[in-house]
There are 4 protein chains.
Amino acid sequence: MASSSSTLPSPCSSCMGESETKRQQILTGASAVFAEHGYEGASMSAIARQAAVSKGTLYNYFANKADLFAAFVEQCCREKLPVALAPVREDSPPREILTAVARAMVRLITQPDSLMLYRIIVSEAPRFPQLGAVFWENGPRVAIATLANWIREQEANGTLKTDDPVFAAEQFFSLCQTRIAHLRRFNLNPENNTEEEDKVIHAAVQVFMAAYGTQ
Amino acid sequence: MASSSSTLPSPCSSCMGESETKRQQILTGASAVFAEHGYEGASMSAIARQAAVSKGTLYNYFANKADLFAAFVEQCCREKLPVALAPVREDSPPREILTAVARAMVRLITQPDSLMLYRIIVSEAPRFPQLGAVFWENGPRVAIATLANWIREQEANGTLKTDDPVFAAEQFFSLCQTRIAHLRRFNLNPENNTEEEDKVIHAAVQVFMAAYGTQ
Amino acid sequence: MASSSSTLPSPCSSCMGESETKRQQILTGASAVFAEHGYEGASMSAIARQAAVSKGTLYNYFANKADLFAAFVEQCCREKLPVALAPVREDSPPREILTAVARAMVRLITQPDSLMLYRIIVSEAPRFPQLGAVFWENGPRVAIATLANWIREQEANGTLKTDDPVFAAEQFFSLCQTRIAHLRRFNLNPENNTEEEDKVIHAAVQVFMAAYGTQ
Amino acid sequence: MASSSSTLPSPCSSCMGESETKRQQILTGASAVFAEHGYEGASMSAIARQAAVSKGTLYNYFANKADLFAAFVEQCCREKLPVALAPVREDSPPREILTAVARAMVRLITQPDSLMLYRIIVSEAPRFPQLGAVFWENGPRVAIATLANWIREQEANGTLKTDDPVFAAEQFFSLCQTRIAHLRRFNLNPENNTEEEDKVIHAAVQVFMAAYGTQ
DNA sequence: AATGAATGAGAGTTCATTCAT
DNA sequence: GATGAATGAACTCTCATTCAT
């Protein structure tokens with residue numbers, strides 16, 4: 001079963017275990033360096049040092065810097081993004097659900113790791129065409145789809161009304177980015193401000209419900 | 001009329017010499033290279049070649065790469081950003097005004113130059129602290145303030161109702177970034193799609209009016 | 001008379017005055033920069049800035065950096081070196097004369113300006129062949145000749161006895177360089193220490209008189 | 001015998017690799033270039049070329065130019081300076097010992113390598129504070145201490161008399177620098193002249209014995 | 001006579017990548 | 001498979017020198 005489910009190139013699972021460990025070790029080191037210095041600013045030497053392997057080993061696992069970078073971004077996306085959509089599953093009044101979703105989203109997109117990832121992907125997207133897609137698939141697309149499904153359920157309930165649940169979900173997440181996320185991306189107002197966070201969240205819910213709520 | 005009013009750049013060639021001309025020549029070259037390769041990826045040699053000056057001349061006009069970069073960003077901000085807020089001054093029904101503003105904004109932020117600037121500033125903001133501020137002051141802040149003033153006028157007219165016009169304006173612009181701008185920043189869906197643009201624009205106006213319009 | 005005594009290239013004395021002023025101005029600026037940074041470390045731009053003239057003017061007065069440097073060293077030698085041999089002319093007991101000469105010499109060669117000049121000339125002598133000669137002629141040679149003459153007078157008086165007064169003078173000045181001058185040249189013990197200075201001086205006189213004094 | 005006793009450098013080639021060999025190769029190349037051009041005048045490219053390694057390799061062994069320079073000076077001091085104090089151990093009449101010491105010293109300090117080292121250290125001492133100390137500890141200090149000890153022994157024998165043997169030793173070495181060493185440092189009279197050397201040596205011994213000899 | 005903008009070679013240094021061990 | 005010494009091109013920046021004004 002194990003062998004049949006694996007479509008990775010490695011031929012034997014024992015040495016593969018070794019390999020996978022090293023690969024992770026390298027990616028962990030690369031994370032730290034790419035996160036701090038970006039793509040151009042990160043040196044393979046620094047990554048090797050951080051990962052405690054030799055530079056030669058780096059090139060045994062990744063053909064070049066660009067490949068290592070792509071693997072780093074993919075891992076980041078898979079690990080860090082899909083963590084904040086739990087509230088949708090709860091069975092509470094719509095406004096409470098939306099408020100919880102908005103709070104989770106605002107906190108997710110304004111935390112340092114996410115900002116770092118956003119910076120790197122926005123910056124390098126033109127030169128690494130698959131980057132944007134990997135990020136989108138692992139993050140925004142999932143969030144939008146999940147919220148759109150919840151909206152459809154609410155339509156069935158009669159509490160919401162829209163002819164394009166997906167687009168409405170996208171608008172809701174756009175509203176969640178008002179002020180704080182935009183400013184943070186420009187490195188402005190970097191300190192946490194609970195009051196402003198509450199305002200962004202409640203105003204997003206308010207506007208969304210005014211537009212799409214029945215009643 | 002238009003031609004006679006455009007006497008701003010260097011009216012007399014003797015008093016200022018070619019300095020300003022050369023400076024512009026360099027900044028134009030720098031634009032092309034920074035835009036294509038970002039800050040770290042742009043080399044002073046490439047900029048000199050693009051600007052058709054020697055490397056030494058670069059350093060006669062800008063003390064170092066960071067200074068040249070800052071000047072480039074500032075010029076970009078001053079030149080490219082403050083062009084799209086004219087519709088607000090017109091005397092039309094609120095929905096038409098908002099639609100025109102939304103259309104101008106969507107087009108502004110999804111055009112290649114703006115995306116390039118956005119990428120660079122988001123990417124380099126942590127290492128160039130003043131960058132984000134310069135961009136914000138010359139772009140978003142102006143747009144937000146202008147729209148907020150118009151909202152206040154509409155409140156006086158009784159057509160709109162909100163207790164925080166500035167925040168409402170920010171929400172409107174957040175709505176304008178739904179889908180197209182987000183995707184473009186990740187280098188996804190780069191082709192122009194008028195249908196989708198119309199949808200984003202009208203949905204933004206619709207939601208905004210539902211939330212803040214007085215019937 | 002004035003014109004006949006002048007063998008310099010300048011054809012008219014009025015513009016020559018202008019010229020000579022500028023030349024001095026440049027040399028004064030060059031002094032400061034060469035003194036602080038040495039030959040290779042001094043840049044023509046820094047010299048021009050220090051002298052408050054343009055770089056072009058530098059090249060109107062001196063063909064290149066090496067020429068300017070040679071002129072600077074020559075001026076230094078002529079100005080700073082021949083100042084400390086007065087005591088020899090006085091009419092006092094030999095030991096007092098020698099003590100005064102030794103004190104003047106120790107102070108001369110351990111003062112910052114002299115050390116700077118010594119460093120530069122010793123360092124650049126192999127690449128600027130005339131440098132060492134200019135320094136020697138304007139400094140050590142004069143001092144040695146002056147003291148040798150005094151020694152000859154003392155031989156006539158019967159107070160000293162040596163078959164090579166020039167060499168004896170050279171030995172005396174060598175003794176004056178014991179400890180303090182050697183250490184200073186290596187940038188060691190840079191603070192002034194009157195006690196040690198006295199010791200060097202008196203020991204030099206003592207040894208010299210023991211060797212060449214006639215009881 | 002000679003070959004068997006010379007096993008000091010890198011006894012096993014596998015444990016240490018070629019590191020020490022390359023390091024020496026670089027230092028040898030650096031020697032030639034620093035010796036000819038001084039610190040500022042020596043370029044890392046020229047050193048790499050002279051040492052027949054790439055510029056990158058230079059920086060694998062030495063963090064920067066200053067470090068390479070310091071290593072070069074230290075190696076010079078350790079290798080070249082402590083070679084000329086053997087005569088002191090012999091059991092001969094004081095004048096013969098002093099004459100042998102003086103001859104060794106005069107030859108040491110007037111040979112091209114020593115002059116080169118002297119030029120560089122005197123010139124760079126202000127910018128490399130540890131330079132002078134390294135030189136002093138490895139050269140002059142050792143020579144002075146050795147001779148001072150011998151003087152103390154002679155005092156015990158009753159052949160010499162001085163209340164400061166260290167200072168007397170310093171004076172003796174000062175006398176050894178009369179004429180030839182001074183001139184050579186200014187690149188004057190660079191040819192060897194045995195007659196003059198003898199004169200300097202004998203006169204130094206003569207003056208020293210007249211001052212500090214009993215009898 | 002004086003300027004200072006312009007040059008381009010070359011400085012010290014870093015880096016992705018290779019390859020013999 | 002892992003290493004890290006070696007490479008050489010490319011980097012940012014400086015400099016002595018020239019020349020149109």
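The sequence lines fix the lettering, A, B, ..., with proteins before strands; numbering per chain opens at 1.
- Under the side chain to side chain donor-acceptor pair (under 3.5 Å) criterion, D:Gln24 pairs with D:Gln75, sequence neighbours left out.
- Atom NE2 of D:His37 is separated from atom P of E:dG12 by 12 Å (rounded to the nearest Å).
- Between the CD1 atom of A:Ile47 and the P atom of F:dT3 there is a distance of 16 Å, rounded to whole Å.
- Partners of C:Ser31 according to the side chain to side chain donor-acceptor pair (under 3.5 Å) rule, which considers only residues two or more places apart in sequence or in another chain, do not exist here.
- A side chain to side chain donor-acceptor pair (under 3.5 Å) check over residues 42-53 of chain D, counting only residues at least two apart or in different chains, returns the pairs D:Ser45-D:Lys55.
- Rounded to whole Å, the distance from CZ on A:Phe62 to P on F:dG1 is 15 Å.
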(message) Base contacts versus sugar-phosphate-only contacts with protein, heavy atoms under 4.0 Å: please encode nucleotides 13-21 of chain E as B, S and - from 5' to 3'.
(response) BBSBBB---
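- Listed in residue order, the members of residues 120-129 of chain A having a heavy atom less than 4.0 Å from DNA chain F come to none.
- Taking B:Asp113 as the reference, B:Lys80 meet the side chain to side chain donor-acceptor pair (under 3.5 Å) condition, with sequence neighbours excluded.
- Under the rule for a side chain to side chain contact (heavy atoms under 4.5 Å, CB included), D:Asn60 has no partner lying at least two apart in sequence or in another chain.
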(message) Let's test your reading of the pairing rules: Watson-Crick or G-U wobble, both distances under 3.5 Å, then write DNA chain E as a dot-bracket string with ( ), [ ], | and dots.
(response) .||||||||||||||||||||
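- Take B:Tyr59 and apply the side chain to side chain donor-acceptor pair (under 3.5 Å) test, not counting sequence neighbours, and it matches no residue.
- Applying the ring pair (Phe, Tyr, Trp, His ring centres under 6.0 Å) criterion to D:Phe135, with sequence neighbours excluded, gives C:Phe186.
- Among residues at least two apart or in separate chains, salt bridge (Lys or Arg N to Asp or Glu O under 4.0 Å) pairs with a member in residues 58-76 of chain A are A:Glu74-A:Arg78.
- Shown here are the ring pair (Phe, Tyr, Trp, His ring centres under 6.0 Å) partners of A:Tyr39, two or more places apart in sequence or in another chain: A:Phe69, A:Phe128.
- Checking E:dA1, E:dT7, E:dT3 against every side-chain atom of B:Val53, the shortest atom distance belongs to E:dT7.
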